Amino acid sequence: MGIAIVTGAAGLVGAHSVEQFHALGLDIFGLDNDMRRFFFPGITSSDGTRARLESLARYRHFDHDIRDEAALNALFEVYGQDIAVVVHAAAQPSHDWAAEQPLTDFSVNAMGTLLLLEATRRHCPEAAFIFCSTNKVYGSRPNELPLIGLERRWDLNESHPYFPHGIPEQMSIDGTKHSLFGVSKAAADLMVQEYGLYFGMRTGVFRAGCITGASHRGAVQHGFLAYLASCVATGRRYEVIGHDGKQVRDNIHAADVARAFVAFFQSPRSGEVYNIGGGRPRSCSVIEAIDLFEEAFGKKLDREYVPQSRPGDHIWWISDMGRFQKHYPSWTPRFSLKSIVDEFAEELRG
Ligand SMILES: NC(=O)c1ccc[n+]([C@@H]2O[C@H](COP(=O)([O-])OP(=O)(O)OC[C@H]3O[C@@H](n4cnc5c(N)ncnc54)[C@H](O)[C@@H]3O)[C@@H](O)[C@H]2O)c1
């Protein structure tokens, strides 16, 4: 069936993608240099995930840095004719970190993506190219929506067109503050679209909100539910930051994201861009999420409220997945919000 290249293979989305493409029968080349350990020292090494993947029959790990053009070209040159799909999930994933080291952030997120696109174009232009983008490409634009403060969450009025299904891809990405992370991802997102539109390659951009799952190694700066779950489990104090803790995210399990990638691979299109998330049924505010975890773990979270909100923090994000579901009607998320929370509780209660 050919080879699937999965960058960021030892990360949350990468590892689920490896497992699902492996189950389809593809050989998997996972590229991951464990740079997450450098981004978030101490708490989030990917060694355990890598070991699990290496037990799969047709998995090979490469410690390549996606910015290493020579290493990428050498790999793609040898195996290009067999590469059927590239799932690009390696990234620097945090706003706060990007502001600390903009050059490194841009080199990984933007330049690394361009190098992969170019290697694909040169050596396997027929391969599907799947890119993990982010809703942060819309910058602070979602915060301009006419939100209403309900008791436990911010929300739109029911008559608003985005109320039932969320925010579609038509939302402008211009004239809004993105954070440096949002810009490095937007640069990559546009380049992936362009390789589809300009060169006719089979590229799909997936703009996610919160991707989650019990294998997520959450950090303060990244991985909302995973970090919250670990605080409830360990008794570590959790800071609820800004917006009265009523900011809303929709959550999607990484396995459901990987299933969307498989659907795209099986029937690829050119230059597509999709919002992907859990939709309204898997949405929760921070304080609603705390309630869910306290109930699942049967214990209280030690929490503190910090009034100053994070720059660029979305007050309300729910993804409209209508475009993807129109193109791939058999796909629908399988994990409910409750099953996501229960999976964390089971994993972390030991
Ligand atoms: N998790 C989320 O909530 C979320 C939301 C929206 C978008 N995304 C996007 O999805 C993708 C995957 O996210 P994730 O949560 O799995 O992140 P993750 O940090 O768990 O995984 C990313 C992996 O990439 C590896 N990596 C980083 N830089 C690398 C480099 N230069 N060369 C090789 N490997 C490198 C890291 O070691 C890590 O294992 C990212 O593009 C992220 O921006 C994630």
Side-chain angles (χ1 to χ4, degrees), residues 5-18 29-41 43-50 52-53 61-69 71-72 75 87-95 97-98 101 103-116 130-138 179 181-189 192 205-219 221-228 249-258 260-261 274-278 282 314 317 319 340:
I5 300 269
V6 180
T7 73
L12 173 72
V13 178
H16 278 280
S17 302
V18 167
F29 287 4
L31 275 55
D32 198 310
N33 64 352
D34 202 9
M35 202 159 172
R36 190 171 169 104
R37 192 198 293 264
F38 168 69
F39 298 139
F40 309 120
I43 37 174
T44 54
S45 164
S46 59
D47 286 353
T49 310
R50 174 175 170 173
R52 182 163 52 79
L53 297 180
H61 195 91
F62 296 82
D63 284 314
H64 295 350
D65 189 317
I66 56 161
R67 297 169 296 176
D68 185 342
E69 186 177 2
L72 285 187
L75 188 71
V87 177
H88 178 28
Q92 188 298 110
S94 150
H95 280 297
W97 200 96
Q101 296 202 36
L103 296 181
T104 305
D105 172 73
F106 199 83
S107 70
V108 173
N109 288 352
M111 198 60 200
T113 303
L114 180 56
L115 291 173
L116 277 161
I130 293 165
F131 174 59
C132 297
S133 185
T134 167
N135 62 4
K136 301 299 189 295
V137 301
Y138 299 108
S179 85
F181 163 76
V183 172
S184 65
K185 293 294 283 190
D189 175 310
V192 175
V205 168
F206 291 77
R207 294 176 174 166
C210 286
I211 308 174
T212 191
S215 57
H216 203 189
R217 292 157 288 127
Q221 307 95 321
H222 168 69
F224 157 54
L225 289 186
Y227 183 69
L228 174 56
R249 283 97 183 72
D250 66 341
N251 304 281
I252 184 164
H253 197 286
D256 284 328
V257 174
F261 294 170
Y274 300 114
N275 287 348
I276 190 111
R282 292 164 203 79
H314 285 162
W317 177 271
S319 320
I340 289 170

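Indexing begins at 1, ligand by ligand and atom by atom, following the structure's order. Just so we're clear, the structure is a prediction, and the values are computed from it rather than from any experiment.
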**Request:** Drop me the distance from Arg36's CZ to Thr49's OG1, to the nearest 0.5 angstrom.
**Result:**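 Output value for this atom pair is 9.5 Å.
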
**Prompt:** Are the side chain of Lys185 and the backbone N or O of Cys132 linked by a donor-acceptor pair below 3.5 Å?
**Reply:**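 A pair under 3.5 Å: yes.
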
[X] N/O under 3.5 Å from ligand 1 N/O:
| X | answer |
| --- | --- |
| Leu12 | yes |
| Cys132 | yes |
| Gly14 | no |
| Arg36 | yes |
| Asn33 | yes |
| Gly8 | no |

**Asked** Is Ala254 near ligand 1, meaning one of its heavy atoms is under 4.0 Å from it?
**Response**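 Not so, Ala254 does not reach ligand 1.
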
Interfacing atoms of ligand 1 (cut-off 4.0 Å, heavy-atom, [X]):
| X | answer |
| --- | --- |
| His216 | 1 (N), 15 (O) |
| Phe39 | 27 (C), 28 (N) |
| Cys210 | 3 (O) |
| His64 | 32 (N), 33 (C) |
| Asp34 | 37 (O) |

**Prompt:** Would you call His16 and His253 a side-chain contact if the rule is heavy atoms closer than 4.5 Å?
**Reply:**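 In short, these two side chains touch, coming nearer than 4.5 Å.
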
**Asked** Just wondering, do Phe224 and Asn251 contact through their side chains at under 4.5 Å, heavy atoms?
**Response**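 When only atoms from C-beta onward are counted, Phe224 and Asn251 do touch, with a gap below 4.5 Å.
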
**Message:** Classify the ring geometry of Trp317 against Tyr138: parallel below 30°, tilted from 30° to 60°, perpendicular beyond 60°.
**Reply:**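 Parallel: the ring planes of Trp317 and Tyr138 meet at under 30°.
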
**Message:** Among Ile211, Asp63, Val13, Val87, which one puts a heavy atom closest to atom 2 (C) of ligand 1?
**Reply:**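 The option holding the nearest heavy atom is Ile211.
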
**Request:** Tell me which one of Arg207, Arg50, Lys185 gets a heavy atom nearest to atom 42 (C) of ligand 1.
**Result:**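 Among Arg207, Arg50, Lys185, the closest heavy atom to atom 42 (C) of ligand 1 comes from Lys185.
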
**Request:** Determine whether the side chains of Ser184 and Asp105 contain a donor N or O and an acceptor N or O closer than 3.5 Å.
**Result:**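 Result is yes, a qualifying pair exists.
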
**Item:** Least distance between heavy atoms, Gln92 atom then Val108 atom
**Value:**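 Heavy-atom minimum between the residues: N-CG1, 3.7 Å.
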
**Request:** Report, as yes or no, whether the 6.0 Å neighbourhood of atom CD on Glu69 holds more than 12 heavy atoms from other residues, nucleotides or ligands.
**Result:**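 For Glu69, atom CD is not crowded (no more than 12 foreign heavy atoms under 6.0 Å).
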
